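One structure is given here, and the rest of the page talks about it.
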Number of protein chains: 2
Amino acid sequence: MPEFGPLPNSLRRAVTRLSRQLRRNNDFTELSFPQVSALGILLAHGSMTLQELAEREGITPPSMLKSVQRLIELEYVGKAPHETDGRKQLLTITERGHEVIDDIRERRNEWLRARLDALSPEEIDVLEQALPILFRLAERDV
Amino acid sequence: MPEFGPLPNSLRRAVTRLSRQLRRNNDFTELSFPQVSALGILLAHGSMTLQELAEREGITPPSMLKSVQRLIELEYVGKAPHETDGRKQLLTITERGHEVIDDIRERRNEWLRARLDALSPEEIDVLEQALPILFRLAERDV
DNA sequence: ACCTGATCGTTAGTCAGAATAATTAGTCTG
DNA sequence: CAGACTAATTATTCTGACTAACGATCAGGT
């Protein structure tokens, strides 16, 4: 059994703080943090139900619903009944949503990108290596 | 100017999700997430004012105050007037606070540690290299 | 010696983003 | 075809952050 010393605590603190900072610097867009995230998933992975979307983001369906409702209101996302299963609603990113997401992401990332610019290529490399590990740590269940 | 491609978005998503997971798995203690964090800072860095404590955690004084008030109520932290500056109050971790924090951290980290155990030594190494970078990204101002 | 402006802790009020529990509607199975 | 299950939704709550404002204290300049 490996000996991690302070790694769990350090990792926890680093992630907590960075997450706070990212949320704080989210002022550049009309869409909230989780809304952009939801839209991005629909863009990347195509149409899906609310359940699937919530699962991918690692939150509960009611939590996801709030974001989705706003996105539908703005007509960035369309909702249509599932062809064969009347309980399901298929969520699809609209043309308009497609148009705005890149721009929104661009502006939202200004703060983070500025900070990344201050890093050395080696540090960027370390971050890129760390990313898949962080995603694995963040998986639900397992 | 380096070309980061999807790094900002990926980093944002990884950090956001892991942070959510960490908060979710906080059921093992009577203290909330930020309360343990504040106590840990007082343990690691000694007595300080509310201002300093808030600054170290990267949040505003009113936000920090809530945690501190609870910690004082539980007698895990003591408050005493500053010797020369009547406006300031020095916060100090008590014997009792000292006693409980390690145990709390131990239990709270169970979930995270189990996941870290599943990583290879190389992956642990990458994480350890990434930590200081994440902390730097999380700094305020700059 | 005394204003003036800054700082510290604090209170009040607000907001976002998550959760749980319960409701409604549709589907499937035995 | 009745009961169990599943999907979306609603209602409610909680946590953790924020800003604004206030009283007390301090420090510096005239």
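Lettering of chains follows the sequences in order, A, B, ..., and the numbering in each one begins at 1. In this text, all values refer to a predicted model and were calculated from it rather than measured experimentally.
Side-chain proximity of A:P34 to the nucleotides C:dG17, C:dT11, D:dA7 is greatest for C:dG17. Among C:dA19, D:dT25, C:dA12, the nucleotide with an atom closest to any side-chain atom of A:I59 is C:dA19. When the nucleotides C:dT27, D:dT9, C:dG9 are ranked by their closest atom to the side chain of A:R87, C:dT27 comes out on top. Among the nucleotides D:dA8, D:dA17, C:dT10, the one closest to any side-chain atom of A:Q89 is D:dA8.
Between A:T84 and A:P62, the one whose closest nucleotide on DNA chain C sits nearer the 5' end is A:P62. Of the two residues near DNA chain C, B:P61 and A:P61, the one whose nearest nucleotide lies more 5' is B:P61.
At C:dA18, none of the side-chain N or O atoms of A:T60 fall inside 4.0 Å of OP1 or OP2 (strictly under the cut-off). Note on B:R23: every side-chain N or O is 4.0 Å or more away from OP1 and OP2 of C:dA18. Here A:R20 does not reach the OP1 or OP2 of D:dG16: none of its side-chain N or O atoms lies under 4.0 Å away. Remark: B:S32 is in phosphate contact with D:dG16, judged by side-chain N or O atoms under 4.0 Å from OP1 or OP2. Taking only side-chain nitrogens and oxygens, B:Q69 comes nearer than 4.0 Å to OP1 or OP2 of C:dT11. The side chain of A:R24 places an N or O atom within less than 4.0 Å of a non-bridging phosphate oxygen (OP1 or OP2) of D:dC18. For C:dA19, one of the phosphate oxygens OP1 or OP2 lies less than 4.0 angstrom from a side-chain nitrogen or oxygen of A:S63.
Put simply, CD on A:E57 is 15 Å from C1' on C:dA19, counting in whole angstrom units. Distance CG (A:L65) to P (D:dT12): 16 Å, rounded to an integer number of Å. The CD atom of A:E55 sits 11 Å away from the P atom of D:dA8 (whole-angstrom rounding). Summarising the geometry, the separation between NZ on A:K66 and C1' on C:dC15 is reported as 10 Å, rounded to the nearest angstrom. For the pair B:M48 CE and C:dC8 P, the interatomic distance rounds to 14 Å; values are reported in whole Å. We find that CE of A:M64 is positioned 10 Å from P of C:dA19, with the value rounded to whole Å. Remark: P of C:dC8 and NZ of B:K88 are 6 Å apart, rounded to the nearest angstrom. Distance B:Q35 CD to D:dT15 P: 10 Å, rounded to the nearest Å.
Here A:E57 pairs with B:R17 in a salt bridge; the nearest charged N to carboxylate O distance falls below 4.0 Å. Ion pairing of A:E106 with A:R113 is present here, as a side-chain N (NZ or NE/NH1/NH2) and a carboxylate O approach within less than 4.0 Å.
As judged by a 4.0 angstrom heavy-atom cut-off over every strand, B:S37 is placed among residues making no nucleic acid contact. Heavy atoms of A:T49 sit under 4.0 angstrom from primed sugar atoms or phosphate atoms, though from no base atom.
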Show me, pair by pair, the donor-acceptor contacts under 3.5 angstrom made by side chains of residues 68-77 of chain B, not counting sequence neighbours?
{"unit_1": "B:R70", "atom_1": "NH1", "unit_2": "B:E73", "atom_2": "OE2", "d": "2.9"}
{"unit_1": "B:Y76", "atom_1": "OH", "unit_2": "B:E30", "atom_2": "OE2", "d": "3.0"}

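Side-chain atoms of B:E122 and B:S120 include a donor-acceptor pair closer than 3.5 Å.
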*Go through the steps for B:E123 and A:R136 under the test salt bridge (Lys or Arg N to Asp or Glu O under 4.0 Å), then give the verdict.*
CA-CA 11 Å; B:E123 290 171 325; A:R136 273 173 49 207; 2.7 Å; yes
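In this structure, NE2 in A:H98 is found 11.0 Å from CG in A:L42, a value given to the nearest 0.5 Å.
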